[in-house]
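Input: a single structure, listed below in structure tokens.
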Amino acid sequence: MTQTLENTIEKDEIIDKKEKYLDRLLYNYEPYYDIKKFTENEIGVPLRAECVFDVHSEKYVLVKKAVLYEADSHEYLYIFTAPHFTKELYDSCHQTAYDRGMELVDPRPGHMYSYITALYICDSCDPEVVKALKKTRIRKNFLFSFRGWMEFHNALVNVSDRTVVTNFSGRGNAKFLKKLLQH
């Protein structure tokens with residue numbers, strides 16, 4: 001009975017670590033992103049938050065009607081949490097992030113880039129998940145890049161052993177995610 005009680009306490013501490021990390025992450029993203037929070041498994045996958053960041057910049061001469069150029073940049077971030085990510089759960093979360101992000105990408109004139117980022121926060125995961133996450137390379141050019149491009153970024157944060165794994169495109173996020181883990 002003491003082993004069960006100790007295991008329960010350890011699991012509660014890990015759950016608290018995961019939730020604290022999620023809260024700290026959303027607190028840091030709040031000034032920049034429009035955040036929509038979800039309850040666990042509200043849409044069939046453990047999506048906890050959807051964050052949207054939009055930037056519009058333009059250069060004009062003398063009057064605003066004489067536009068030299070304009071550029072729209074977007075980032076769509078999907079945060080998933082689970083105690084353990086299996087390959088099947090990872091695949092369904094990955095597909096959800098991709099589908100929801102692609103619905104928002106609008107490659108019209110002035111579109112520069114859109115990043116779709118899937119962030120997985122967990123206590124543990126299967127080795128196949130790490131392998132699949134590192135191999136993910138999705139990039140789409142719209143109208144030969146005249147209408148911009150889209151990149152898919154992946155990152156996995158394991159709060160129990162304090163590791164961060166990303167794909168090649170998501171390596172820019174790793175430093176920030178590691179810094180949040182250390183505090």
Side-chain angles (χ1 to χ4, degrees), residues 7-55 73-87 89-101 104-105 113-139 150-183:
N7 290 341
T8 307
I9 290 171
E10 287 177 10
K11 287 180 183 175
D12 289 343
E13 288 175 3
I14 290 174
I15 290 171
D16 288 339
K17 284 182 186 178
K18 195 170 51 188
E19 289 301 316
K20 285 180 184 177
Y21 186 81
L22 176 64
D23 291 341
R24 194 172 322 127
L25 184 69
L26 291 177
Y27 175 78
N28 282 291
Y29 281 156
E30 197 170 27
Y32 309 105
Y33 288 83
D34 296 327
I35 298 174
K36 180 180 179 184
K37 295 180 183 178
F38 296 92
T39 58
E40 284 190 59
N41 291 324
E42 184 176 325
I43 61 168
V45 292
L47 178 63
R48 297 298 304 279
E50 180 181 75
C51 309
V52 178
F53 176 72
D54 297 311
V55 175
S73 307
H74 311 279
E75 183 169 351
Y76 309 110
L77 172 67
Y78 300 93
I79 302 172
F80 301 92
T81 62
H84 181 80
F85 272 102
T86 62
K87 180 72 167 85
L89 181 60
Y90 165 78
D91 288 339
S92 64
C93 293
H94 174 86
Q95 192 63 44
T96 300
Y98 179 78
D99 292 342
R100 292 175 76 103
L104 299 172
V105 173
Y113 66 83
S114 292
Y115 295 148
I116 300 172
T117 305
L119 175 60
Y120 310 95
I121 303 171
C122 65
D123 305 322
S124 63
C125 66
D126 292 342
E128 297 87 29
V129 171
V130 174
K131 193 174 187 180
L133 186 137
K134 286 182 176 181
K135 284 186 175 182
T136 302
R137 300 230 196 295
I138 300 174
R139 180 184 170 99
M150 180 281 301
E151 281 186 0
F152 192 88
H153 299 182
N154 260 343
L156 182 131
V157 177
N158 189 329
V159 295
S160 63
D161 64 1
R162 298 174 160 270
T163 58
V164 174
V165 179
T166 66
N167 66 345
F168 185 77
S169 300
R171 69 190 181 282
N173 299 329
K175 185 177 179 181
F176 172 70
L177 296 172
K178 286 178 185 176
K179 185 178 178 182
L180 281 181
L181 264 178
Q182 293 172 356
H183 293 292

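The shown structure was predicted, so the numbers you read here are calculated from the model rather than taken from an experiment. Numbers here simply count residues along the sequence, with the first being 1. Both backbone and side-chain heavy atoms feed into the values below; hydrogens, waters and symmetry mates do not.
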Partner of Val165 under side-chain contact (heavy atoms from CB on, under 4.5 Å), chosen from Leu133, Val129, Asn158: Leu133
Looking only at the side chains, is there a donor atom on one of [X] and [Y] sitting less than 3.5 Å from an acceptor on the other?
X	Y	answer
Thr136	Asn167	no
Tyr90	Asn154	yes
Ser124	His84	yes

Would you say the rings of Tyr115 and Tyr113 are close, in the sense that their centroids are separated by under 6.0 Å? yes
Can a donor-acceptor pair be found, under 3.5 Å and without considering hydrogens, that links the side chain of [X] to the backbone of [Y]?
X	Y	answer
Ser160	Asp123	yes
Tyr33	Glu75	no
Tyr21	Leu177	yes

Output, in order, the C-alpha distance, side-chain angles, deciding distance and verdict of side chain to side chain contact (heavy atoms under 4.5 Å, CB included) for Asn173 and His153. CA-CA 9 Å; Asn173 299 329; His153 299 182; 4.1 Å; yes
For Phe85, which residues count as a ring-ring contact (aromatic ring centres under 6.0 Å, His included) partner, sequence neighbours excluded? Tyr120
Which heavy atom of Ile79 sits nearest to which heavy atom of Leu47, and what is that distance? O-CD1, 3.5 Å
Side-chain touch [X]/[Y], heavy atoms, less than 4.5 angstrom:
X	Y	result
Cys51	Leu26	yes
Met150	Tyr98	yes
Arg48	Leu22	yes
Phe176	Val164	no
Leu25	Val157	no

Pairing residues for Glu50 by the side chain to side chain donor-acceptor pair (under 3.5 Å) criterion, not counting sequence neighbours: Arg100
Taking side chain to side chain contact (heavy atoms under 4.5 Å, CB included) as the test, write out the residues that go with Arg137, two or more places apart. Phe168
Suppose we screen for side chain to side chain contact (heavy atoms under 4.5 Å, CB included). Which residues come up paired with Lys87, at least two apart in sequence or across chains? Asp91, Glu128, Ala132
Pairs satisfying side chain to side chain donor-acceptor pair (under 3.5 Å), at least one member in residues 22-32, at least two apart: none
Using the salt bridge (Lys or Arg N to Asp or Glu O under 4.0 Å) rule, collect all pairs that involve residues 170-183, keeping only residues at least two apart or in two chains. none
